[in-house]
Amino acid sequence: MGKITYKRLKGSQNMRQRLLLATLKSTPVLIEDIHADDTLPGLRPHEISLLRLFEKLTDDCLIEINETGTKLKYKPGIIVGGSHLVHDCGVSRAIGYFLEPLILLGLFARKTLVIILKGITNDSKDPSVDTFRSTTFPLLKRFGVPSEGLKLEITSRGVSPHGGGEVHLTIPTVQHLTATMWTDEGMVKRIRGEAFTTRVSVQLGNEMIYAARGIFNRLLPDVYIASDYRKRSEAGNSPGYGISLVAETTSGCCISADTTVSYPRGDEEEDIEGEEKTELIPAADVGEKLASGLLEEIEKGGVVDSTHQGLLFLLCALCPKDVSKVRVGKLSPYGIETLREIRDFLDVQFVIKPDPSTGTVILKCWGSGMKNLSRKTT
């Protein structure tokens, strides 16, 4: 066996995209100075968990971490996928942090991916599992992913700080993606959403729904926000509540926003000691604020919201050697960083053209020609 040549990288930025693209392209990477200047240097718990997840999905993967956790050697294996897999995502980041790379790996795996993920289903930092189901899955269909194979079932919800949620995810394999020409946002025709509560009064969920509807009903008649009020074992280990919303347009675009409110780490115990517990944001304010946030996302324009820009660019770059053309609103920091990593790993560069008349940006690229050579056909 010959000597392994590693692509040398520095720093902790874009760790998730780097590991994902390294795995898809079978590129060994050596990453140094990981959180080196932080008070606690080295890989974070969620980054180690992501590596262990990749290890479960691949065959012949090699991971080496030094004692301080500031240096990582990663040689990707063959993406196998498979069923009966279980992964505990921990509680430092939500399940949404793991879903984006997991979905892309699953598409190019040898076998259909069926996995149970445990941890935090909803928080304010990462996209919720509801958003993946209502918005991310329709996005995948644009690139030729069969809708009948995509499935995400929420068996229990879990919020910060102690999680306790569980989702069952199924991702079909594809031979290759399909390039897309997608620049028409269309007009918003309806609003859909879901409010949830865990270990708190269901009245909080009703207040969020009522407040959000109060914003949208002034603008369009077709508004429906469902409720999902969990109790006992289905409610996870911490109290909280939240809401996810999606605007569906006449051209098939889905623009989403979500938020979750829960007690900060340690606050649940403070009440027992007689200290004052942190007051949570009133539910009505949560619903109203998120409804306004969704309207802001719609106003930005584009075929996806700012949260999905990175995934959209990855899908375009992973298409066959054909042209994809998409329209987005103002480029988000995450979207810009993803474009840089795509250039470095896939050698794909996007032509970026601002559209002053709408304030949007049109991006065009030639796909990298990614194919699933190991896919099993039945």
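Heavy atoms only: backbone and side chains are in, while hydrogens, waters and symmetry mates are out. Counting begins at 1 with the first residue of the sequence.
Under a 4.0 Å N-O distance rule, the pair K189/D222 does not qualify as a salt bridge. Using a 4.0 Å cut-off between a side-chain N of Lys or Arg and a carboxylate O of Asp or Glu, E47 and R44 do not qualify as a salt bridge. Ion pairing between a basic and an acidic side chain is recognised when a charged N comes within 4.0 Å of a carboxylate O; R157 and E234 show no such pairing. Salt-bridge check for D305 with K300: failed, with every basic side-chain N at 4.0 Å or more from each acidic carboxylate O. In summary, K10 and D33 engage in a salt bridge, as defined by a charged side-chain N under 4.0 Å from a carboxylate O. Ionic pairing of R18 and E337 is not present here: no N-O contact between side-chain nitrogen and carboxylate oxygen is shorter than 4.0 angstrom.
In this structure, R16 CZ and F54 CZ are separated by 9.0 Å, a value rounded to the nearest 0.5 Å. Here the CG-CD1 distance, from L105 to I79, works out to 5.0 Å after rounding to the nearest 0.5 Å. Considering CG of L290 and OG of S256, their distance stands at 9.5 Å, rounded to 0.5 Å. The distance from atom OG of S227 to atom CD1 of I243, rounded to the nearest 0.5 Å, is 10.5 Å. Rounding to the nearest 0.5 Å gives a distance of 4.5 Å between OH of Y263 and CG of L280. Considering SG of C316 and CG of L339, their distance stands at 9.5 Å, rounded to 0.5 Å.
Pairs engaging residues 185-234 under the ring pair (Phe, Tyr, Trp, His ring centres under 6.0 Å) rule: none recorded [sequence neighbours left out].
Remark: E32 CD is packed, more than 12 non-hydrogen atoms of other residues, nucleotides or ligands lying under 6.0 Å away. Counted within 6.0 Å of CD1 on I281, heavy atoms from surrounding residues, nucleotides or ligands total 12 or fewer; the atom is thus considered open. Enclosure of atom NZ in K289 is not indicated, since only 12 or fewer non-hydrogen atoms of other residues, nucleotides or ligands lie within 6.0 angstrom. Annotation for K353: atom NZ does not count as buried by contact number, only 12 or fewer foreign heavy atoms lying within 6.0 Å.
A pairwise comparison of heavy atoms in L50 and P101 identifies CD1-CG, 4.1 Å as the closest pair. G205 approaches T197 most closely through the heavy-atom pair N-CG2, 3.6 Å. Residue P264 comes nearest to P161 through the heavy atom pair O-CG, 4.4 Å, listed as atom of the first residue, atom of the second, then distance. Scanning all heavy atoms of the two residues, the minimum distance from S368 to A317 falls at OG-O, 2.7 Å. Considering all non-hydrogen atoms of both residues, G42 and H35 come closest at O-CD2, 3.1 Å. When all heavy atoms are compared, the tightest approach of T121 to G165 is CG2-CA, 3.9 Å.
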task: For side chain to side chain contact (heavy atoms under 4.5 Å, CB included), just list the numbers for F345 and V29, CA-CA rounded to whole Å, side-chain angles, deciding distance to a tenth of an Å, and then say yes or no.
output: CA-CA 11 Å; F345 278 89; V29 291; 3.9 Å; yes
message: Determine whether K325 and T183 satisfy the following criterion, side chain to side chain contact (heavy atoms under 4.5 Å, CB included), listing intermediate values before the conclusion.
response: CA-CA 7 Å; K325 185 178 179 181; T183 57; 4.0 Å; yes
- request: Verify side chain to side chain contact (heavy atoms under 4.5 Å, CB included) between L117 and D88, making sure each step is shown before the conclusion.
  value: CA-CA 6 Å; L117 300 170; D88 190 337; over 6 Å; no
query: When you look at L72 and L30, which way does the side chain to side chain contact (heavy atoms under 4.5 Å, CB included) test go after all the steps?
result: CA-CA 6 Å; L72 165 68; L30 170 61; over 6 Å; no
task: May I have the step-by-step check of salt bridge (Lys or Arg N to Asp or Glu O under 4.0 Å) for R192 and E248, ending in yes or no?
output: CA-CA 8 Å; R192 293 292 181 264; E248 300 176 16; 5.2 Å; no
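Counting only heavy atoms from C-beta outward, the side chains of L21 and L314 approach each other to under 4.5 Å. Looking at Q309 and T338, their side chains never come closer than 4.5 Å, going by heavy atoms from C-beta outward. Here the side chains of L43 and M15 are in contact, with some heavy-atom distance below 4.5 Å. The shortest distance between side-chain heavy atoms of K364 and F350 does not fall below 4.5 Å. Residues H162 and V91 form no side-chain contact, since every pair of their non-hydrogen atoms from C-beta on lies 4.5 Å or further apart. When side chains are defined from C-beta on, I255 does not count as touching V246, because their heavy atoms never get closer than 4.5 Å. Put simply, the side chain of L104 reaches to within 4.5 Å of the side chain of L311, judged on heavy atoms. Counting heavy atoms from C-beta on, the side chains of V174 and P146 come closer than 4.5 Å.
Partners of S128 according to the side chain to side chain donor-acceptor pair (under 3.5 Å) rule, which considers only residues two or more places apart in sequence or in another chain, are T131, D258.
Side chains of T23 and Y74: a donor-acceptor N/O pair is present below 3.5 angstrom, by distance only. If you check the side chains of H308 and T135, you find no donor sitting under 3.5 Å from an acceptor. H87 and K56 share a side-chain donor-acceptor pair at under 3.5 Å. Side-chain contact of N14 with E341: a donor-acceptor pair under 3.5 Å is present, judged by distance alone.
Judged by distance alone, the side chain of R52 and the main-chain N or O of I48 form no donor-acceptor pair under 3.5 Å. Side chain of N66 to main chain of G69: a donor-acceptor pair is present (N/O by atom type, distance under 3.5 Å, no hydrogens or angles). Side-chain N or O atoms of T249 include one that pairs as donor or acceptor with a backbone N or O of C253 at under 3.5 Å. The backbone N or O of D228 lies less than 3.5 Å from no partner atom in the side chain of R230, so there is not a single donor-acceptor pair. Under a 3.5 Å cut-off, the side chain of T360 and the backbone N or O of D355 do not form any donor-acceptor pair. Side chain of D123 to backbone of D126: a donor-acceptor contact under 3.5 angstrom is found. S324 places a side-chain N or O within donor-acceptor distance of the main-chain N or O of T180, the cut-off being under 3.5 Å. No donor-acceptor distance shorter than 3.5 angstrom exists from the side chain of D322 to the backbone of T178, with no hydrogens or angles considered. At least one donor-acceptor pair under 3.5 Å links the side chain of S292 to the backbone N or O of E288. Although no hydrogens or angles enter the test, the distance criterion places no donor-acceptor pair under 3.5 Å between the side chain of S124 and the main chain of T259.
Tracing side-chain contacts under 4.5 Å through hydrophobic residues (I, L, V, M, F, W, Y), one reaches I171 starting from I95; they form part of the same cluster. In terms of hydrophobic clustering, with Ile, Leu, Val, Met, Phe, Trp and Tyr side chains grouped at heavy-atom distances under 4.5 Å, F313 and M181 are assigned to different clusters. Under a hydrophobic clustering in which Ile, Leu, Val, Met, Phe, Trp and Tyr are joined whenever their side-chain heavy atoms come within less than 4.5 Å, directly or via other members, L85 and L107 fall into the same cluster. Residues W182 and V323 do not share a hydrophobic cluster, defined by chaining ILVMFWY side chains whose heavy atoms lie under 4.5 Å apart. Cluster annotation: I120 is not connected to L99 through the hydrophobic network of ILVMFWY side chains, with a link wherever side-chain heavy atoms come within less than 4.5 Å.
Apart from V86 itself, the hydrophobic cluster it occupies contains I116, where clustering links Ile, Leu, Val, Met, Phe, Trp and Tyr at side-chain heavy-atom distances under 4.5 Å.
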